[in-house]
Amino acid sequence: RQTHYGLTLAGNLGTDLGALEDWNHRLALSSSRDTLVTPDFFSRYDSRREQLDWTNEFDLGEASDLVLGLGYVRERGVNLDTFAGEAVYAARRHNRAAFGTWQRDGGAHDFEASARYDENSQFGGESTFGAAWGWEIGGAVGDFTTPRPDRPTPIGRQFDCSTRIDGSRRRGHGRPCGPGSRRACG
């Protein structure tokens with residue numbers, strides 16, 4: 001039997017703060033429980049996972065964004081011998097994290113720098129860092145237009161499809177750009 005619960009609160013926090021009017025946050029709480037009973041082997045396994053994530057995004061102007069966040073995960077698991085009525089295995093662990101990412105859309109060049117610190121009760125603390133540079137080569141190679149006259153915008157400028165060197169997804173990946181959207185096309 002599996003049970004999952006989740007709650008997300010998100011929105012703009014800085015509308016009355018002047019300098020921070022482009023401050024958006026997302027608070028997500030979730031809980032998951034799983035029970036597996038195997039009567040033929042006198043076994044029952046219970047696991048639980050609770051998670052809290054708080055992400056804050058600040059629009060710094062000049063095509064720059066700053067994302068800061070905190071995360072917490074708690075996991076517990078127990079394997080019960082239902083015949084003897086005792087735990088064969090029981091463990092718990094937790095992970096606390098703080099992270100930040102700076103992103104800059106510089107026209108044909110995009111930049112990103114990130115840092116994260118995790119403190120895991122089982123594996124200890126670890127800091128990780130990352131940097132990425134993206135180059136939109138569409139303008140350097142030439143524009144490719146669609147064959148339909150109702151879509152004269154060059155294909156390379158309809159969507160921001162940048163990919164980072166490490167293969168992870170960039171914040172604006174696949175988002176429309178141009179008139180009617182917040183992002184300007186290359």
Side-chain angles (χ1 to χ4, degrees), residues 1-15 17 20-39 41-60 64-82 84-105 110-134 160-175 182-183:
R1 182 180 84 210
Q2 294 180 340
T3 308
H4 304 280
Y5 302 100
L7 172 67
T8 300
L9 304 171
N12 188 300
L13 291 176
T15 54
L17 300 178
L20 297 177
E21 72 180 42
D22 288 325
W23 173 17
N24 292 296
H25 87 105
R26 181 177 175 269
L27 179 65
L29 304 163
S30 64
S31 176
S32 177
R33 296 172 185 223
D34 195 9
T35 300
L36 177 62
V37 179
T38 312
F41 295 100
F42 303 102
S43 177
R44 174 184 169 139
Y45 180 78
D46 291 315
S47 68
R48 294 182 180 179
R49 177 184 172 107
E50 288 86 25
Q51 185 167 347
L52 167 71
D53 289 307
W54 187 33
T55 306
N56 295 275
E57 182 178 339
F58 303 92
D59 184 349
L60 302 178
S64 288
D65 292 322
L66 179 65
V67 178
L68 300 173
L70 299 171
Y72 180 79
V73 175
R74 180 174 61 185
E75 298 172 314
R76 292 172 287 188
V78 61
N79 183 1
L80 297 170
D81 178 341
T82 57
E86 59 186 49
V88 176
Y89 168 84
R92 60 180 50 209
R93 67 180 179 184
H94 66 271
N95 190 79
R96 290 186 286 244
F99 57 90
T101 301
W102 170 80
Q103 300 165 339
R104 169 99 172 133
D105 183 358
D110 293 333
F111 305 95
E112 181 174 303
S114 62
R116 179 179 176 101
Y117 178 75
D118 285 279
E119 182 179 288
N120 186 289
S121 62
Q122 184 177 2
F123 302 109
E126 184 71 34
S127 296
T128 53
F129 304 91
W133 164 65
D160 174 14
C161 296
S162 304
T163 303
R164 293 177 8 177
I165 292 171
D166 66 1
S168 62
R169 205 174 142 189
R170 212 173 74 75
R171 184 178 74 84
H173 181 75
R175 245 183 7 195
R182 195 176 139 191
R183 295 179 56 83

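A pairwise comparison of heavy atoms in A97 and D118 identifies CB-OD1, 3.3 Å as the closest pair. What you find for T101 and S114 is that their closest heavy atoms are OG1-CB, 3.6 Å. Among all heavy-atom pairs drawn from T8 and A28, the shortest one is OG1-CB, 4.0 Å. Residues F129 and A115 approach most closely at CD2-CB, 3.7 Å, considering heavy atoms. Residues Y72 and D53 come closest through the heavy atom pair N-OD1, 4.5 Å. V78 approaches A90 most closely through the heavy-atom pair CG2-CB, 3.9 Å.
Rounding to the nearest 0.5 angstrom, the gap separating the CG atom in D110 from the CG atom in D105 is 4.5 Å. Note that the CD atom of Q103 and the CG atom of L60 stand 10.0 Å from one another [nearest 0.5 Å]. Between S43 atom OG and L36 atom CG the span is 7.0 Å, to the nearest 0.5 Å. Note that CH2 of W54 and CG of L27 are 8.0 Å apart. Values are rounded to the nearest 0.5 Å.
In this model, a donor atom of one side chain and an acceptor atom of the other lie less than 3.5 Å apart for N56 and W23.
Using a 4.0 Å cut-off between charged side-chain N and carboxylate O, R116 and E126 make no salt bridge. Looking at R44 and D46, a side-chain N of the basic residue comes within less than 4.0 Å of a carboxylate O on the acidic one, giving a salt bridge.
Between F99 and T55, the closest side-chain pair of non-hydrogen atoms falls below 4.5 Å. Taking the side chain as every heavy atom from C-beta outward, F123 and N95 never approach each other to under 4.5 Å.
Under the side-chain hydrogen bond (donor to acceptor under 3.5 Å, both in side chains) test applied with S32, the options Q51, R49, H4 reduce to a single match, H4.
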Problem set entry | L52/L70 under side chain to side chain contact (heavy atoms under 4.5 Å, CB included): CA gap, chis, key distance, verdict | CA-CA 8 Å; L52 167 71; L70 299 171; over 6 Å; no
Problem set entry | Derivation and outcome, salt bridge (Lys or Arg N to Asp or Glu O under 4.0 Å), residues R76 and E50 | CA-CA 9 Å; R76 292 172 287 188; E50 288 86 25; 3.1 Å; yes
